[in-house]
Protein chains: 2
Amino acid sequence: MGWGDLGAFGEPSKETPNLDQMAAEGMLFLDFYTANPLCSPSRAALLTGRLPVRNGFYTTNGHARNAYTPQDIVGGIPDSELLLPELLKKAGYTNKIIGKWHLGHRPQFHPLKHGFDEWFGSPNCHFGPYDNRDRPNIPLYRDWEMIGRYYEDFKIDLKTGEANLTQLYLQEALDFISKQQASQQPFFLYWAIDATHAPVYASKQFLGTSQRGLYGDAVREIDDSVGKILKHLQQLGISENTFVFFTSDNGAALISAPKQGGSNGPFLCGKQTTFEGGMREPAIAWWPGHIPAGGVSHQLGSVMDLFSTSLSLAGLQPPSDRQIDGIDLLPVILQGKLIDRPIFYYRGNELMAVRAGLYKAHYWTWSNSWEEHGKGIDFCPGQSVAGVTTHTQEEHTYLPLLFHLGRDPGEKYPLSFASEEYQRAVEHISGLVQQHKASLVPGQPQLNVCDQAVMNWSPPGCEKLGKCLKPPKSDPKKCSWPH
Amino acid sequence: MGWGDLGAFGEPSKETPNLDQMAAEGMLFLDFYTANPLCSPSRAALLTGRLPVRNGFYTTNGHARNAYTPQDIVGGIPDSELLLPELLKKAGYTNKIIGKWHLGHRPQFHPLKHGFDEWFGSPNCHFGPYDNRDRPNIPLYRDWEMIGRYYEDFKIDLKTGEANLTQLYLQEALDFISKQQASQQPFFLYWAIDATHAPVYASKQFLGTSQRGLYGDAVREIDDSVGKILKHLQQLGISENTFVFFTSDNGAALISAPKQGGSNGPFLCGKQTTFEGGMREPAIAWWPGHIPAGGVSHQLGSVMDLFSTSLSLAGLQPPSDRQIDGIDLLPVILQGKLIDRPIFYYRGNELMAVRAGLYKAHYWTWSNSWEEHGKGIDFCPGQSVAGVTTHTQEEHTYLPLLFHLGRDPGEKYPLSFASEEYQRAVEHISGLVQQHKASLVPGQPQLNVCDQAVMNWSPPGCEKLGKCLKPPKSDPKKCSWPH
């Protein structure tokens, strides 16, 4: 989902009444970022509070390459990483993930080995259509074992776009919340649905209900589901004890537009890029009785802050033996404070850009290669800013491209190198970069090696269902990351 | 001002609390249009309820050319046109225009000859800096006579952007409203300020207050002023008897960005074009006690509807001796109805595009010429959609370019000519076009002839102030309209 996909953020069909209401009752974040313009690294950053370059969710197979956890990935979340649910356990929380895990699907990476108590969802994306030949259909797990596969047992009709997965994930969330309320146990629910990801789907009752086509139907179903979750909390009388945060793991994938791609509002490009459209996210905090209604914050926020903020809410300290990139947003949310901190925009192993205040300095620019672009792979459709949305990797480390995101949110007008404003801002940001790089200890890259044999051929539980598939011979090689 | 310039419409700095509040208390129109992507024709359409091609506010000097009323224009609003204030007079209204008239500045076009009872403002744009040599500084009128000139008596500091004009226009509005309330007389106030037009200015107390630079300062001042006007109505106890509508006369002028140009949100291009960015406008209706708070409408609306709606509010009928393009929006505003009607996008003498429902068909595409574009005149900066934002005038009358504005608000993905959806929609729209063209009686074009001698050299009242300038010899010629 992109920044511009919600009515409250200016989507012109304005079809998200529940999320808009959530914003009206809570706090809207206008300057909130993911840690990476791609799903797996973004989700790894959320759960560890650390940049992907630290927690290992990046590749060194090529310079500045986006990488994630496809079915043939060998790596995943390292045991050495401390995940939010592992820490919350110490404060008595029951932790559940519903939806897409995406931090590795081999046995050692299973979410229940990393702090979650329950899981209902899938380990990877569900790119289809699959026929279980070249690659297996994605399994859906309940806790330790698979209970079926996407496309077989959990239908996604690629023609009509019909699938009731979001309804299953919604019901699972409502049931979990009811159970926790009944047992008076604190809980952390990570409702990490995969909807709006291509291939886009929605349940029957939402198909055709949006002005925006199938993608809009999916957004409406998510909006409706969030509304039902919030209402459920209120009806159970625990809304004033439950902190809820809504955001997305990367900007809308404009490459899937218009049928399967959303809106990044006035921002440049989309998913896969380190322009604002790739990394600025819709974000809403909700906690009736605590967060003043109708708040709007310009705090530079990050999905990694949800790690630190959640720990703070649980009365826990973040781990002190490692660098944590997230900050505790409670002073922002509860007292309206603004905390000075930069935003780092990474693509794989490269620091592409840095935002401090309203200034954003690009040290590298790249959308994708001319070769890919020539094949019609376009992360910035209809947008082309000379010297900015480049199709060769352009280095600007000695003279960063600088934008003022207040006057120019669309990153179209680099400031003059000769201006005083440029010099002052770049000097400040360069200091932040030096500091950042000096203390950076990159993690072991997890997204370098791929092997067809590690795909979801025979997940635990497959034998009970007669759904085990025979893996091919192991043949590990460097994963290919074209952009 | 552009569609994307208000917080309620997704401007990422969210600096328009008063207009956002106006929307929260009233009704937001998401699909509201001007009648022309330029100021004069748009304002002529608003006051006559008729398309510029009917009321004469267009040129035939070139094909599909934008035209307006610069100082050397010979034409203006024809006497044969019936303006909203002329009609409202019959129902006892006192009519005042504050701000930019822009319907011709020669004596016969004076607003007090066309139904207004009072005027405080200027006849034209205030492009500066002027030195009273090649062209006179724009006069500011109080009623029949000028009381000074922009830049001389009413300072605009082009270096700092400081000017207190919006404050003068605000105070004038508050005073007029007070006077009408005191005398218990109904009134029509056309608060047609020129702020946000380049050269952009703001009052001292607003300078530097926006994240968005000087343009944002001007938006904040307008927002503050609208808030003060609404509050004044409430304090005088007449808010429930006063219908207020906020909109803009064309999309943000991206050519003036980033320092002097605003935002058209997710829409394509800006002022001067018939893409959505040029003609879709922010629009808010407010009438406490009558309009349900928090309403959102997808009614296809037009500035011309303000003509018909205002007549309806005053209990008057629109003239029956001519074609009126505006419709009465009261059933939409008060009862939430949706009225089926097309939107026509004209550029000069050419019908460029038509919207019906969510479909928009382009019969002609043009941004501007290669020659102009080569000189850096760019109405779509950073945006380039192949075959759409063309730099030659492309005719598509036999096979219109069709967009679905719900799935593709940015007009980036023309529908396939071969699709059933295309054929169905184009057949429908073509019928509307035939009907429209068959009944069209173009007005005498007013914007063809220019003459240096007609500039504001010696407006009425100049002699009292010693501000008369000597006009050059009359030398009428065809105005040059390059785009």
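A quick note: this is a predicted structure, and the numbers were derived from the prediction, not measured. Scope of the values below: all heavy atoms of this structure, side chains included, with no hydrogens, waters or symmetry mates.
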Does any heavy atom of chain A fall under 4.5 Å from the side chain of [X], the backbone, both, or neither of them?
{"X": "B:F9", "result": "backbone"}
{"X": "B:L254", "result": "backbone"}
{"X": "B:P409", "result": "side chain"}
{"X": "B:L214", "result": "neither"}

How long is the gap from [atom1] on [X] to [atom2] on [Y], to the nearest 0.5 Å?
{"X": "A:Q383", "Y": "B:L268", "atom1": "CD", "atom2": "CG", "value": "10.0 Å"}
{"X": "B:L358", "Y": "A:R212", "atom1": "CG", "atom2": "CZ", "value": "12.0 Å"}
{"X": "A:Q211", "Y": "B:D31", "atom1": "CD", "atom2": "CG", "value": "6.5 Å"}

Looking at every heavy atom in both [X] and [Y], which two are closest together, and how far apart are they?
{"X": "A:G382", "Y": "B:V385", "result": "CA-CG2, 3.9 Å"}
{"X": "A:S13", "Y": "B:H298", "result": "O-NE2, 2.8 Å"}
{"X": "B:G10", "Y": "A:W3", "result": "O-CH2, 3.3 Å"}

Please determine, among [options], the option with the most heavy-atom pairs under 4.5 Å with chain B.
{"options": "A:A24, A:G265, A:P381", "value": "A:P381"}
{"options": "A:H404, A:K14, A:K412, A:R407", "value": "A:R407"}
{"options": "A:A257, A:S263, A:G216, A:P266", "value": "A:A257"}

Looking only at heavy atoms and a cut-off of under 4.5 Å, which of B:F267, B:Y413, B:Y215 has the most pairs with chain A?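 Going by pairs under 4.5 Å, I would pick B:Y413.
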
Checking heavy atoms, do the side chain of A:L6, its backbone, both or neither come under 4.5 Å from chain B?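 Neither part, no heavy atoms under 4.5 Å.
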
pair A:E276-B:P12: side-chain heavy atoms closer than 4.5 Å: no

